2 protein chains.
Amino acid sequence: MQQYSEILRSYDINPSYTRLLIYQYLKEVRSHPTAEEIYRAILGTLPTLSKTTVYNTLHLFTEKHLATMIMMDENETRYDLITKPHAHFKCMNCSKIFDVAIEPPAIDAAFLKDYIVEDAQLLYRGFCPECKKTL
Amino acid sequence: MQQYSEILRSYDINPSYTRLLIYQYLKEVRSHPTAEEIYRAILGTLPTLSKTTVYNTLHLFTEKHLATMIMMDENETRYDLITKPHAHFKCMNCSKIFDVAIEPPAIDAAFLKDYIVEDAQLLYRGFCPECKKTL
DNA sequence: ATCATTGCAAACACTTTGCATACGC
DNA sequence: GCGTATGCAAAGTGTTTGCAATGAT
């Protein structure tokens, strides 16, 4: 986990044990988890963990541009480490989320001149191969 | 409002007065309102309106594919009538939402073969011209 | 000793649910 | 009168807040 400490430090985040665990989870599981999922996953390793700390940490990661919030249905915020831009596909039946190898299109120059674009998200919704069968 | 009745009927929605008012609001205001905003706006015309009815109606519209839910920050669901696909830009400072004349890219054929894509959303976040100045 | 980090409990905001009332044909 | 539409109040869910406790240097 030593290398993760360095990463956190490079984002100006003090690498506490809790933060490392959360970072590791995001890094290794890569499933766009909700705060709840992260909380439950890490409870096994760190039974004293509180949900507040998970939220604190995720806010911190977002603020420092290490992670990004992604909004999907059902009013649950999910989190993803910032890597290269990509799209998400969410199955309307089983709620699974799939990464799609497609980049959000660049916004046109005229718009860019007046606005500052920090982040782009591309979300597709529909039915995954499994759920498609049952329709 | 006669023509609106026809539209609702064509989506297999019984055009009650309440539903017409909500449809009209979505149609004429076009600002991707939240349920709360719709509720407050229509209260003036229909003081007995309840928020439950607003939610009922929005769910009905969504189910019948007349409207679509769009998810943004802050865990608030916004609603938009389904027109042609377009993108949204949300100011991270003032929270205003701007329509962007750009289409979500078509998902590639290989993906399409296995999945059913019902809906695409493209969301940009950043700072609008007004808020840009104050940074 | 000081400052940062964590955690609890309560508050909050948005949405849904269950059921009762009212409305339209 | 029967089925649909509406509305109230309560519950539910995810998130935030205030503050106290703990930890690190």
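All of these numbers come straight from a predicted model, not from anything done at the bench. Proteins come first, then strands; the chains are lettered A, B, ... in the order of their sequence lines, and each starts at number 1. Heavy-atom basis, side chains included; hydrogens, waters and symmetry copies ignored.
A:Tyr115 and B:Lys132 make their closest contact through N-NZ, 4.3 Å (heavy atoms, listed as atom of the first residue, atom of the second, distance). Nearest approach of A:Glu37 to A:Tyr25, heavy atoms of both residues: O-OH, 4.1 Å. B:Arg78 approaches B:His32 most closely through the heavy-atom pair NH1-O, 2.8 Å. Taking both residues in full, the closest heavy atoms of A:Leu43 and A:Leu49 are given as CD2-O, 3.9 Å, listed atom of the first, atom of the second, then distance. In terms of heavy atoms, B:Tyr11 sits closest to B:Lys64 at CD2-O, 3.3 Å. Residues A:Leu123 and A:Met71 share a closest heavy-atom pair of CD2-O, 4.1 Å.
At the heavy-atom level, A:Ser16 lies under 4.0 Å from the strands shown only through sugar-phosphate atoms. Residue-level contact check: B:Thr34 touches neither bases nor backbone, having no heavy atom under 4.0 Å from any strand. Using a 4.0 Å heavy-atom distance criterion, B:Thr77 is classed as a sugar-phosphate-only contact.
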| Which parts of nucleotides 16-25 of chain D does protein reach within less than 4.0 Å, heavy atoms only, written one letter per nucleotide 5' to 3' as B for base, S for sugar-phosphate only and - for none? | BB--------
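Once you apply a 4.0 Å limit to the heavy atoms of chain B, the touched nucleotides of DNA chain C run 5' to 3' over C:dC14 to C:dT17.
Remark on the helix from C:dA1-D:dT25 to C:dC25-D:dG1: inter-end axis angle 10°, axes from five-pair C1' superpositions, rounded to 10°.
Because its NZ or CZ atom is both nearer than 6.0 Å to the ring centre of B:Tyr39 and within 45° of the ring axis, B:Lys51 counts as a cation-pi partner of that residue.
Ring orientation note: the planes of A:His86 and A:His88 are nearly perpendicular, at an angle over 60° on the 30°/60° scale.
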